[in-house]
Amino acid sequence: MQDILISFFIFCIASSQLLGIVYSKTTFDVVKFGAVGDGQTDDSEAFVKAWKALCGAAAAGDDVPTLTIPGRKTFLLQPSEFEGPCKSKSVHVQVSGNLMAPKTPDAWKVCPPYSWLSFRNVDNLILDGSGKIDGQGSAWWSKALQFHRCDHLRLSGLTHINSPRSHIGIGTSNDVDISHLTIIAPDESPNTDGINVANSTYVYIHDSKIGTGDDCIALGTGSSNVRIAKIACGPGHGISVGSLEDGAYAAVENVYVRDCSFNGTQNGARIKTWPGGSGYARNITFENITLTATKNPIIIDQQYCNGAHDCAKQSKAVLVSNVRFTGFRGTCGNEEAIKLDCNRISGCQNIELVKINITSTVPSKKVYASCNNAKGNSGSTVPTVSCLKYPTRPFI
Ligand SMILES: *[C@@H]1O[C@H](CO)[C@@H](O)[C@H](O)[C@H]1NC(C)=O
Ligand SMILES: *[C@@H]1O[C@H](CO)[C@@H](O)[C@H](O)[C@H]1NC(C)=O
Ligand SMILES: *[C@@H]1O[C@H](CO)[C@@H](O)[C@H](O)[C@H]1NC(C)=O
Ligand SMILES: *[C@@H]1O[C@H](CO)[C@@H](O)[C@H](O)[C@H]1NC(C)=O
Ligand SMILES: *[C@@H]1O[C@H](CO)[C@@H](O)[C@H](O)[C@H]1NC(C)=O
């Protein structure tokens with residue numbers, strides 16, 4: 001009987017979470033702080049007031065103070081900052097309604113780094129709900145939603161649309177879990193990365209659908225111990241390590257990407273570093289990847305240069321090593337399915353391609369792999385990669 005009661009209780013908690021019902025004893029509703037939610041009135045001040053109340057709340061026991069943003073309303077917000085640290089160990093922001101950016105922001109409220117909504121120094125922040133975050137495509141901010149120093153962040157459920165540049169930025173945060181997001185931007189919109197990660201460790205991004213005009217996920221310098229799983233990416237530029245900047249020190253390591261699909265994307269799995277940098281990109285695995293008309297399914301570009309920069313011959317490079325691509329299958333839009341373009345200075349070390357089967361979208365066409373200065377092993381790979389040893393040992 002007790003078991004049944006406990007199961008029932010767990011069932012209630014689980015279903016109430018699904019229905020978005022809040023059980024915190026300490027809740028704050030933005031509407032009670034003066035937010036109107038008619039899509040016209042500037043609700044920024046009400047949100048900042050409500051945030052202050054939430055962040056200053058001392059909850060009893062394990063109670064997590066919760067800020068609710070009710071559904072069926074659209075809240076217009078100017079660029080706003082939500083600062084911690086908060087009094088309670090954890091705070092919860094539950095977004096049921098829509099948050100909308102103005103077409104043009106109040107000029108004086110926009111200060112670098114031009115994030116629209118930013119959360120700073122908030123530990124154990126839970127941001128979830130079925131609401132929508134609409135950046136309105138205005139070219140003012142580089143990030144629609146930025147998290148800086150938000151350890152143990154939990155972000156889930158929301159839909160992010162029309163961000164002018166990057167949708168979500170994670171900076172200097174440890175132990176981050178991002179899931180069940182839908183990110184949508186037009187295919188042709190430039191620099192609309194889905195999720196950018198930098199200077200952060202133990203980041204897990206999973207079970208999300210990302211379609212944008214640039215990278216679905218980009219891992220910038222200082223990213224380590226990042227896991228990415230079950231991401232449906234497309235359109236967009238795939239999942240990228242880098243670009244790791246020009247002339248600067250860059251370090252990315254321990255990245256594990258699995259069970260992802262790329263549909264109609266420009267790239268699939270990509271590592272790109274600028275010439276002239278220093279540092280490393282190492283211990284990176286891409287596993288079980290499904291490709292549908294992906295232009296460049298596998299690409300390492302150690303001499304990345306996009307024309308806007310002076311990429312004269314450099315004597316340094318970001319070291320690329322211990323990279324494994326395994327279980328890739330599907331179709332490729334270009335003839336060059338695999339591109340390992342490493343520089344002459346350091347080359348790429350210990351690159352492994354295993355169980356790859358990439359065919360052209362056009363059945364009669366052959367695809368090929370190109371290779372510069374890459375060293376490593378390969379097994380059961382179609383097309384074959386001439387510069388890798390094949391096979392050196394049995395692959396499992
Ligand atoms: C990462 O951290 C370094 C050092 O604190 C800082 O200079 C750099 O701007 C940060 N990069 C990003 C993208 O946040
Ligand atoms: C490589 O990265 C994975 C996580 O993706 C980690 O579990 C493993 O310990 C790392 N290996 C080394 C040698 O650091
Ligand atoms: C491979 O990834 C797909 C999702 O793209 C998933 O459904 C499938 O279970 C994965 N296969 C294995 C063997 O993990
Ligand atoms: C790929 O995307 C196209 C266009 O959105 C869609 O029609 C198709 O079903 C998708 N294919 C797969 C395998 O997801
Ligand atoms: C690769 O995939 C194609 C298309 O699905 C299939 O016809 C072919 O037999 C596969 N090749 C290998 C070596 O698995």
Side-chain angles (χ1 to χ4, degrees), residues 112-115 118-121 142-143 145-150 165-166 168-174 176 182 184-188 191 193 195-201 203 208-213 215-224 226 230-236 238 240-252 259-266 268 274 277-279 288-295 297 326-333 337-338 353-369 378-385 390-391 395:
Y114 304 113
S115 298
S118 80
F119 290 85
R120 302 175 75 85
N121 301 311
S142 64
K143 301 267 191 319
L145 190 57
Q146 172 68 34
F147 299 91
H148 186 74
R149 295 191 189 284
C150 292
R165 304 272 284 279
S166 179
I168 298 170
I170 307 292
T172 320
S173 300
N174 303 318
V176 172
T182 304
I184 308 163
D187 192 1
E188 65 276 13
N191 295 317
D193 282 346
I195 302 174
N196 280 107
V197 178
N199 290 337
S200 296
T201 187
V203 176
S208 295
K209 192 170 165 9
I210 307 178
T212 69
D215 294 331
C216 287
I217 299 174
L219 305 180
T221 187
S223 305
S224 67
V226 178
K230 294 189 188 155
I231 301 296
C233 167
S240 275
V241 171
S243 50
L244 301 179
E245 275 301 337
D246 249 323
Y249 178 79
V252 174
D259 307 339
C260 294
S261 64
F262 297 101
N263 183 356
T265 57
Q266 191 176 89
W274 292 88
S278 63
N288 183 29
I289 306 293
T290 308
L291 309 160
T292 308
T294 303
K295 280 192 183 138
T326 180
F328 279 61
R329 68 200 166 280
T331 57
C332 168
I338 299 170
L353 273 80
V354 188
K355 290 198 226 162
I356 311 279
N357 183 6
I358 304 173
T359 54
S360 172
T361 44
V362 182
S364 60
K365 270 199 178 156
K366 274 213 154 25
V367 297
Y368 67 93
S378 162
S380 314
T381 292
V382 180
T384 52
V385 191
Y390 184 102
F395 287 102

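Only heavy atoms go into these numbers, but all of them, side chains included; no hydrogens, no water, no symmetry mates. Each ligand, and each atom within it, is numbered from 1 in the order the structure gives. Remember, it's a predicted structure, so these values are computed and weren't measured experimentally.
- Protein non-hydrogen atoms do not reach within 4.0 Å of atom 5 (O) of ligand 1.
- Close contacts of ligand 4 with Thr292, meaning ligand atoms under 4.0 Å from a residue heavy atom, involve 13 (C).
- Here Ser224 pairs with Thr201 under the side chain to side chain donor-acceptor pair (under 3.5 Å) rule; sequence neighbours left out.
- Scanning the protein for heavy atoms near atom 9 (O) of ligand 4, the closest one is Asn263 ND2, 4.8 Å.
- In this structure, atom 8 (C) of ligand 5 lies nearest to the protein heavy atom Asn357 ND2, 3.7 Å.
- Within a 4.0 Å radius of atom 2 (O) of ligand 5, the protein has at least one heavy atom.
- When every heavy atom of Asp215 is checked against every heavy atom of Gly242, the shortest pair comes out as OD2-O, 4.3 Å.
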Side chain to side chain contact (heavy atoms under 4.5 Å, CB included), that's the test. Do Leu291 and Thr331 meet it? Break it down for me.
CA-CA 6 Å; Leu291 309 160; Thr331 57; 5.6 Å; no
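- When the heavy atoms of Asn199, Asn196, Ile170 are ranked by distance to atom 11 (N) of ligand 1, first place goes to Asn199.
- Remark: Cys233 SG to Cys216 SG, distance under 2.5 Å.
- Protein heavy atom at the shortest distance from atom 13 (C) of ligand 1 is Ala198 CB, 3.5 Å.
- In terms of heavy-atom proximity, Gln146 sits nearest to Gly171 at NE2-N, 3.8 Å.
- Pro383 and Ala369 make their closest contact through CG-N, 3.9 Å (heavy atoms, listed as atom of the first residue, atom of the second, distance).
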